[in-house]
Amino acid sequence: MGLYKNDKISGKLMYAPIGVFDSGLGGLTLFKALRKITPHENIIYFGDTARVPYGSKDKEQIKKYTCQDINFLNTFFPKIKVAACGTITSCLNEIYDDFSSPIGVIHPTCLSAVNKTQNGKIGVMCTEATKKSKAYDTCLLRLNSNVQVFTQACPKLVEIIESGKFLKTSPELLDAVKVYVGYLLDFGVDTIILGCTHYPIIKNIIEKVSFGKINLIDSGFETAKFVKERMADLNLINDSVMVGYSKFYVSGDIEVFSKNAEVFLGYNISENVFKININGY
Ligand code: DGL
C-alpha cells in the first residue's frame with residue numbers, strides 16, 4: 001500500500017516525510033488528525049486547488065491528475081503517500097497494484113462504519129465520480145455482506161467549501177446539506193460515511209441536520225489513525241523528539257488556500273504554503 005517494507009533501510013526511511021494529497025482543502029481533515037496523533041512526523045501536503053473539483057470530472061481525467069499529483073509528491077521521497085480524497089481513492093486500483101498504491105481513505109472509513117452500525121443501514125455521502133465507481137459499496141459489502149448501502153452524491157458541497165463559505169452556515173449550504181442528508185435519513189440509515197474528505201469540514205452542520213442521532217464517519221480522521229497504525233507495523237514511526245514540519249503546496253491561489261486552511265486548522269500556515277505548476281509533472 002505505497003509503503004516500503006520493514007527492512008534494513010527503514011531506519012533511515014522513518015525520517016522521510018509523509019506525502020498527503022487531495023484536490024484541494026479536503027485532505028486537511030486528514031492532515032489535521034495526522035498532525036495531532038503523529039506530532040513528530042514531517043508532512044508534505046499537496047492540494048490541486050487549480051483543478052478542484054475532481055468529483056465532477058471523468059475517470060480518465062481523475063487518473064491523469066492523480067498520477068501528476070503523485071509524481072510531484074515523489075520528488076520529496078515520501079515514506080508513505082496518502083490519497084486524502086475519496087474520489088482519487090476510488091480509482092487507485094486502476095492505476096496501482098496493492099503494494100505500490102498510496103493509502104486511500106475508503107478502506108479505513110468503511111471498516112469504522114461496519115463496526116459502528118447497529119441496524120446495518122449505512123449511508124455514504126460522496127462526489128459524483130465516487131458514487132459512479134461504487135468503490136464504497138464494494139468495500140462495505142466485502143467487509144460485511146449483510147449491510148445495506150445507500151449512496152448520495154453531493155455535487156454542491158466541495159465548491160461551497162472551497163469558496164470558503166463554510167465558516168458561517170449560509171442558507172445555500174444548509175439547504176444543500178438538508179437535501180443530501182434527508183435522502184439518506186429517509187432510508188433509515190443509522191450511520192453516514194462522510195466519504196469525501198471535504199465534508200468533515202462541515203461536520204457540525206451535518207450533525208445538526210441529522211439531529212445528532214447518526215454515527216458520522218469522518219474519512220479524514222479514520223484514515224489518519226490507519227496511517228499511524230501502518231507506520232507502526234512497518235517500524236516507520238519517526239522517533240525524533242522534535243516537532244515535525246508541515247509544508248503545503250498548491251496549484252492555485254496561495255492566499256485563498258492559506259485563509260481557508262487557517263479557518264479550518266485554527267492557526268496560520270501562510271509562511272509554509274508554496275505554489276507549483278502541477279502540469280509540469
Ligand atoms: N476531497 C475530495 C474527495 O474526498 C473532493 C473531491 C473533489 O475535488 O470533487 O472526494
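We count ligands from 1, going down the list as the structure has it; atoms in each ligand are counted the same way. Since this is a predicted model, take the numbers as computed values, not measurements.
With respect to Lys225 and Glu222, a salt bridge is recorded, a charged nitrogen being found less than 4.0 Å from a carboxylate O. No salt bridge links Lys228 with Glu41; every basic N to acidic carboxylate O contact stays at or beyond 4.0 Å. Remark: Arg51 engages Asp69 in a salt bridge, criterion side-chain N to carboxylate O under 4.0 Å.
At least one N or O atom of Tyr54 sits closer than 3.5 Å to an N or O atom of ligand 1. Geometrically, ligand 1 and His198 share a nitrogen or oxygen pair separated by less than 3.5 Å.
Classified by interplanar angle (parallel below 30°, tilted 30° to 60°, perpendicular above 60°), the ring pair Tyr45/Phe31 is perpendicular.
Listed by number with element, the atoms of ligand 1 under 4.0 angstrom from any heavy atom of Gly86 are 3 (C), 4 (O), 10 (O). In the vicinity of Val52, heavy-atom distances shorter than 4.0 Å reach the ligand 1 atoms 8 (O). Atoms of ligand 1 found under 4.0 Å from any heavy atom of Gly55, numbered from 1 in the order shown, are 7 (C), 8 (O), 9 (O). Ligand-side atoms of ligand 1 in range of Thr127: 6 (C), 9 (O), 10 (O), range being under 4.0 angstrom from any heavy atom. Those atoms of ligand 1 with a heavy atom of Cys196 less than 4.0 angstrom away are 1 (N), 2 (C), 3 (C), 4 (O), 5 (C), 10 (O). Those atoms of ligand 1 with a heavy atom of Asp22 less than 4.0 angstrom away are 1 (N), 2 (C).
By the 4.5 Å heavy-atom criterion applied to side chains, Lys156 and Tyr180 are counted as neighbours.
A 6.0 Å sphere centred on CD of Gln68 holds more than 12 heavy atoms belonging to other residues, nucleotides or ligands. A 6.0 Å sphere centred on NZ of Lys63 holds more than 12 heavy atoms belonging to other residues, nucleotides or ligands.
When heavy-atom distances to ligand 1 are checked against a 4.0 Å cut-off, Ser23 comes that close only through its side chain, counted from C-beta outward. Contact annotation: for Thr197 versus ligand 1, heavy atoms closer than 4.0 Å belong to both the backbone and the side chain.
Scanning the protein heavy atoms around atom 2 (C) of ligand 1, the nearest turns out to be Cys85 SG, 3.2 Å. Among protein heavy atoms, the minimum distance from atom 6 (C) of ligand 1 is reached at Thr87 OG1, 3.4 Å.
Looking only at atom types and distance, the side chain of Lys116 has a donor-acceptor partner in the side chain of Ser112 under 3.5 Å away.
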